[in-house]
Asks: 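My questions all concern the structure below.
Sequence lines set the chain letters: A, B, ... in the order given, protein chains first and strands last, and positions in each chain run from 1.
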There are 2 protein chains.
Amino acid sequence: MTIKDIARLSGFSVGTVSRVLNNHPDVSDDTREKVMAVVREHDFQPNTNAKHLKMQAKSSIAIMVKGTNNMLFADILEKAQSLLMENGEEAVIAYLDEDANEVEHAIRLTRERRPKGLMFLGGDLEYFRESFDRISLPSVLLTHNASELGFPNLSSLTTDDTAAASKVIDYLVSQGHKSIGVLGGNPSNSQISHSRIVGCASSFEKNSLDFDPDKQCEPCRFSMADGYSAAKRLIAKNPDVTAIFALSDVIAIGAIRALQDLGRQVPEDISVVGYDGVPLSRYSVPRLTTVRQDASFMAKRGVEMLLHRIHNKRPAVHEIVPFQLVHGESVDRTEKIT
Amino acid sequence: MTIKDIARLSGFSVGTVSRVLNNHPDVSDDTREKVMAVVREHDFQPNTNAKHLKMQAKSSIAIMVKGTNNMLFADILEKAQSLLMENGEEAVIAYLDEDANEVEHAIRLTRERRPKGLMFLGGDLEYFRESFDRISLPSVLLTHNASELGFPNLSSLTTDDTAAASKVIDYLVSQGHKSIGVLGGNPSNSQISHSRIVGCASSFEKNSLDFDPDKQCEPCRFSMADGYSAAKRLIAKNPDVTAIFALSDVIAIGAIRALQDLGRQVPEDISVVGYDGVPLSRYSVPRLTTVRQDASFMAKRGVEMLLHRIHNKRPAVHEIVPFQLVHGESVDRTEKIT
DNA sequence: CTGAAAGCGCTTACAG
DNA sequence: CTGAAAGCGCTTACAG
């Protein structure tokens, strides 16, 4: 069933049928009615390929999800997809490994798919610096600040990771902790974790505490399994830490499990702070003290920014989303630590 | 840049360029080389819309994810998407509400997108019965058995929910539990939970225990938040249960949190069993005793089944995936329960 | 308000 | 092995 069949069946030309289908104003009501009757009767749906070919139209929004097992991204993704759907846009989603090059992938996908816009959930700024100039589509990067890159078509939306990390360390220090470990992330300075480490360092300095990354930091990927083993490594090399700052909630969950397995209770024996504020952090035992990034808001704002850029050719913007230190049950004051 | 430009630049006809691009055998090596040189130089990528239009080709595989917050589906989804990508297929993903009509959504998406095949992650058999006859695409339904529906183009892959649920109840009974509550699912008999409830009922009967659904079951959606409130409702109406079978791990996690908040320790005061075997179940405190469904396997097999049906026109098949009762730390014998 | 016609960028018999 | 040409299903000036 094509537009041609509808034309024949309704007695009008394909041009007129096309106009009816696209709600073109200059069609008589009578004609519109008759054509639509046939369309409805046959449940006709125009061929998107032909339409797009003719209109040189882009199809859909492509979303790169960097890193699997990332609950925050899963959260944002779902909401973004729903919002896109409400706006009549389709989402093509690609899950990438935490170490994959999302920009190269996007370039490939862009050629094949010709999407209208790109959304990146996480990413490595280094990859953007290297090859994002080959992308001219409106794009938005979430949970990373891309302002320093200066690409005119790349907006970004992020919490102030440095400030948030500082606040976490400040808080732990205020609770009497002096020996604090940091779990997660990649030492490379282009990774999402770098600014968080920077925030930690500045807080340690402000509080006149030494900060020896080799001794206090244990890098790991963003998953429960990696958090689990990283926590064990940290405790092995630095058994006297009284608090751990995990760079994501899933890492924190893995770490808490590891600590329990080592016979250390949280928070009685050791405190743990997470990052992200995923739903799980409200249901874990103990509930997590964590930095909450507002997934709903990020999804909403991210989609808005992207759609604005697509439809109104607005310039790229870089926004900071407020964060919130949510108090759970995973932190104790040191004097209470046995 | 179109195939026409490449033809002009390389000195061959568009037909020849097309043949080179599609690895058609009858092109001379010399020609192939020359054309490819131009293609590479300009980083040319053919227009998918035109290609698809011409080839009447379907694009991509559409995946409907039924219910948000479902960790098992998130797991399967990621793996399925990777496998599809390896096979050169693209995944268009739609997250649907747990109560949405996935079949209607698929029908709409099929018209607009013309995918090659459909994958359903969860679903309501009633919706399939009502309207799946309007879909003629190769499809596969995961975590549900669609054999009784008899659609020739709908395969399915599921664990034996009834047997698994029976085994859980048998196990709890063997540990001395007589007052067992069931959390989650929808009482409607077309829902994923129905066969699990049936399994419970048959086990209760076999063990000569009464089973009063009104008193022992508390329906809820598949999320931590709903598991949390459902557990509270269950305890309120039936305070003497010594064990709870949650119809999914996320429900179990919510339930454990609720029990803790009510001052009941798991498993010391009350035992909890989950369902799904998501990674979190290995890292929660306590670790969950749960029915493990193999997400990797289901993803792999599901994709295989779908691709086979698409390429080889094989008939629909309905397979049962083995399950496994994984022992964690969330179940105790009643004599030890205080 | 409507029709006839060109053309979007490809693929693929058909000839040679 | 290669080219010329038809045609996939649409949209949209251009006429009238």
Asks: Atom NZ of B:K34 to atom P of D:dC1: distance rounded to whole Å?
Replies: 14 Å

Asks: B:S13 and B:V17: side-chain contact (heavy atoms from CB on, under 4.5 Å), yes or no, with the steps?
Replies: CA-CA 6 Å; B:S13 71; B:V17 173; over 6 Å; no

Asks: In Å and rounded to the nearest 0.5 Å, what is the OG to CZ distance from B:S155 to B:F151?
Replies: 13.0 Å

Asks: Report yes or no: do B:N22 and B:K51 form a side-chain donor-acceptor pair below 3.5 Å?
Replies: yes

Asks: Looking at A:D75, A:T158, A:T143, A:T159, which one forms a side-chain hydrogen bond (donor to acceptor under 3.5 Å, both in side chains) with A:Q293?
Replies: A:T159

Asks: Atom CD1 of A:I6 and atom C1' of D:dC10: how far apart are they, to the nearest Å?
Replies: 13 Å

Asks: Pull out every residue in residues 17-29 of chain B that has a heavy atom closer than 4.0 Å to any atom of DNA chain C, ordered by number, or say none.
Replies: B:S18, B:R19, B:N22

Asks: What's the closest nucleotide to the A:N47 side chain, out of D:dG3, C:dC10, D:dC10?
Replies: D:dC10

Asks: Which residue, A:R32 or B:I3, contacts DNA chain C at a nucleotide closer to its 5' end, judged by nearest heavy atom?
Replies: A:R32

Asks: Just by distance, with hydrogens left out, do B:S28 and B:D30 show a side-chain donor and acceptor under 3.5 Å apart?
Replies: no

Asks: Using the C1' atom as the reference point in each nucleotide, state the distance between D:dG16 and D:dT12 in Å, no decimals.
Replies: 16 Å

Asks: Looking only at side-chain N and O atoms, does B:S156 offer a donor or acceptor that is under 3.5 Å from a partner on B:H144?
Replies: no

Asks: Charged N to carboxylate O under 4.0 angstrom, B:R221 versus B:D97?
Replies: yes

Asks: In whole angstroms, how far is the C1' atom of D:dC8 from the CE atom of A:M1?
Replies: 16 Å

Asks: Quick one: on DNA chain D, does B:A50 or B:T31 contact a more 5' nucleotide (nearest heavy atom)?
Replies: B:T31

Asks: Dot-bracket for DNA chain C, please. Rules: Watson-Crick or G-U, both distances under 3.5 Å, ( ) within the strand, [ ] when a pair crosses earlier ones, | for another strand, . otherwise.
Replies: |||.||||||||.|||

Asks: Out of curiosity, B:Y95 OH to B:L121 CG, how far, rounded to the nearest 0.5 Å?
Replies: 9.5 Å

Asks: Please determine if a side-chain N or O atom of B:T16 lies less than 4.0 Å away from the OP1 or OP2 oxygen of D:dT2.
Replies: no

Asks: Which of these nucleotides, D:dA5, C:dC8, D:dC10, is closest to any side-chain atom of B:K4?
Replies: C:dC8

Asks: If the cut-off is 4.0 Å, is B:S13 near the phosphate of D:dG3, judged by side-chain N/O to OP1 or OP2?
Replies: yes

Asks: Would you call A:L137 and A:I310 a side-chain contact if the rule is heavy atoms closer than 4.5 Å?
Replies: no

Asks: Round to a whole Å and report the spacing from CZ of A:R8 to C1' of D:dC10.
Replies: 17 Å

